[in-house]
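The chain is numbered in sequence order, starting from 1. Hydrogens, waters and symmetry mates are skipped; everything else that's a heavy atom, side chains included, is used.
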Amino acid sequence: MTALAIGFLASGVTFAGPVTAAPAPTSFKEQGSSAPEVDEDDSDLKLPGDAPLDKSKILDIKSIVESEGGEERREDTNEKIKFALQAEVLFPKDSAKLNSKALGRIEAIAEEIKKQNATKVNVFGFTDNLGSYGHGKTLSKQRAQAVQKQLGDALGADITYQVRGYSEDYPIASNNTEEGRKKNRRVEISFPRSQ
């Protein structure tokens, strides 16, 4: 697996780079403490010209882990977990019938949903921009429904689902290359982290 961590600093500087491990973020609540106190009068924290510091705040950090070929992607934030599975991993071409490899991957996601005690799950389908928009809308919704049915079988009736098909809307890569289109053909499953 290749891992990439992205964070945002209070100064507005963004950093991104490879990391060897991407542990799931923990909130201060999970660690059993409150947010750290910041002494805004500390001389080491002064800005040039004695400009005042902005109020301290806890920022949401996103951890992204993607398989080598990009077939599977997991995003963790302090608030939620999202899995994105490429359509080729789950379905035959231009089909909404799950293949045998898909069942194990969906079962693993169901186990994570149980672990997080999630009761609300989003299952969204997406396609690339090839073919008509209407066909993509129908196919992406059928694929999302197929994944939701499999999750429902694994999780039981205590989960509320939002299931949508978005066709080519919301691409995560360029549709100008096959590699990009492959990433855009996906099903995303997201749910809140336990507090």
Side-chain angles (χ1 to χ4, degrees), residues 1-8 15-36 57-91 96-126 140-166 170 172-173 182-195:
M1 292 256 181
T2 301
L4 176 69
I6 301 173
F8 302 96
F15 64 91
V19 293
T20 55
T26 58
S27 68
F28 286 103
K29 286 181 189 176
E30 291 170 343
Q31 295 174 0
S33 64
S34 59
K57 55 187 167 186
I58 298 173
L59 302 173
D60 199 17
I61 295 181
K62 182 184 285 189
S63 164
I64 301 172
V65 179
E66 186 173 89
S67 63
E68 191 70 37
E71 297 88 11
E72 191 168 337
R73 176 183 174 110
R74 176 182 173 144
E75 293 181 21
D76 283 273
T77 69
N78 295 345
E79 302 294 321
K80 74 177 183 176
I81 298 171
K82 178 169 63 174
F83 289 90
L85 300 172
Q86 285 183 2
E88 283 79 1
V89 172
L90 302 172
F91 306 99
K97 183 178 180 195
L98 290 167
N99 64 36
S100 59
K101 292 180 189 174
L103 305 181
R105 288 190 162 153
I106 294 169
E107 181 63 36
I109 294 170
E111 288 302 314
E112 185 66 30
I113 292 168
K114 287 178 193 175
K115 181 178 162 187
Q116 296 298 326
N117 297 315
T119 58
K120 294 182 181 180
V121 177
N122 295 329
V123 184
F124 299 155
F126 304 87
S140 61
K141 179 138 189 201
Q142 289 172 342
R143 286 178 168 177
Q145 289 170 329
V147 171
Q148 181 276 319
K149 182 185 180 319
Q150 196 65 38
L151 284 171
D153 291 347
L155 295 170
D158 295 336
I159 307 288
T160 302
Y161 294 95
Q162 233 182 46
V163 181
R164 296 201 176 127
Y166 287 106
Y170 311 108
I172 58 171
K182 190 174 179 181
K183 285 188 173 194
N184 291 333
R185 296 187 296 263
R186 68 197 188 280
V187 174
E188 293 182 354
I189 302 152
S190 62
F191 46 92
R193 294 185 71 81
S194 60
Q195 295 300 325

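With E75 as the partner, the salt bridge (charged side-chain N to carboxylate O under 4.0 Å, His left out) test is satisfied by one option alone out of K62, R193, K80: K62.
Ring-plane geometry between Y170 and F126 is classed as perpendicular, the angle between the planes exceeding 60 degrees on a 0 to 90 degree scale with a lower cut at 30. Ring-plane geometry between F83 and F191 is classed as parallel, the angle between the planes falling under 30 degrees on a 0 to 90 degree scale with a further cut at 60.
Of all heavy-atom pairs between G70 and Q86, the closest is O-NE2, 2.8 Å. When all heavy atoms are compared, the tightest approach of K183 to R186 is O-CD, 3.4 Å. Heavy-atom minimum distance, A118 versus I159: O-CD1, 3.1 Å. Contact detail for Q116 and P192: the closest heavy-atom pair is CB-O, 4.0 Å. F124 and A144 get closest at one heavy-atom pair: C-CB, 4.2 Å.
To the nearest 0.5 Å, atom CG of residue N184 and atom OG of residue S140 are 12.0 Å apart. The structure places CZ of R143 at 10.0 Å from CG of L98, a figure rounded to the nearest 0.5 Å. Rounding to the nearest 0.5 angstrom, the gap separating the CD1 atom in I113 from the CD1 atom in I106 is 10.0 Å. Residue E79 holds its CD atom at 12.5 Å from OG of S190, rounded to the nearest 0.5 Å. Rounded to the nearest 0.5 Å, atoms CZ (R74) and CD1 (I81) are 4.5 Å apart.
Among pairs with a residue in residues 97-108, those fulfilling side-chain hydrogen bond (donor to acceptor under 3.5 Å, both in side chains) read E72-R105, at least two apart in sequence or across chains. Sorted by first and then second residue, the pairs that involve residues 144-159 and meet side-chain hydrogen bond (donor to acceptor under 3.5 Å, both in side chains), not counting sequence neighbours, are K149-D153. Residue pairs meeting the ring-ring contact (aromatic ring centres under 6.0 Å, His included) criterion with at least one member in residues 57-76: none, sequence neighbours excluded.
Between E88 and R185 there is a salt bridge, since at least one side-chain N of the basic residue sits less than 4.0 Å from a carboxylate O of the acidic one.
Put simply, the side chain of N122 never gets that close to the backbone of I189: no donor and acceptor are under 3.5 Å apart.
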Would L85 and I109 count as a side-chain contact (heavy atoms from CB on, under 4.5 Å) if you check the C-alpha gap in whole Å, the side-chain angles of each, and the deciding distance to 0.1 Å? CA-CA 11 Å; L85 300 172; I109 294 170; 3.8 Å; yes

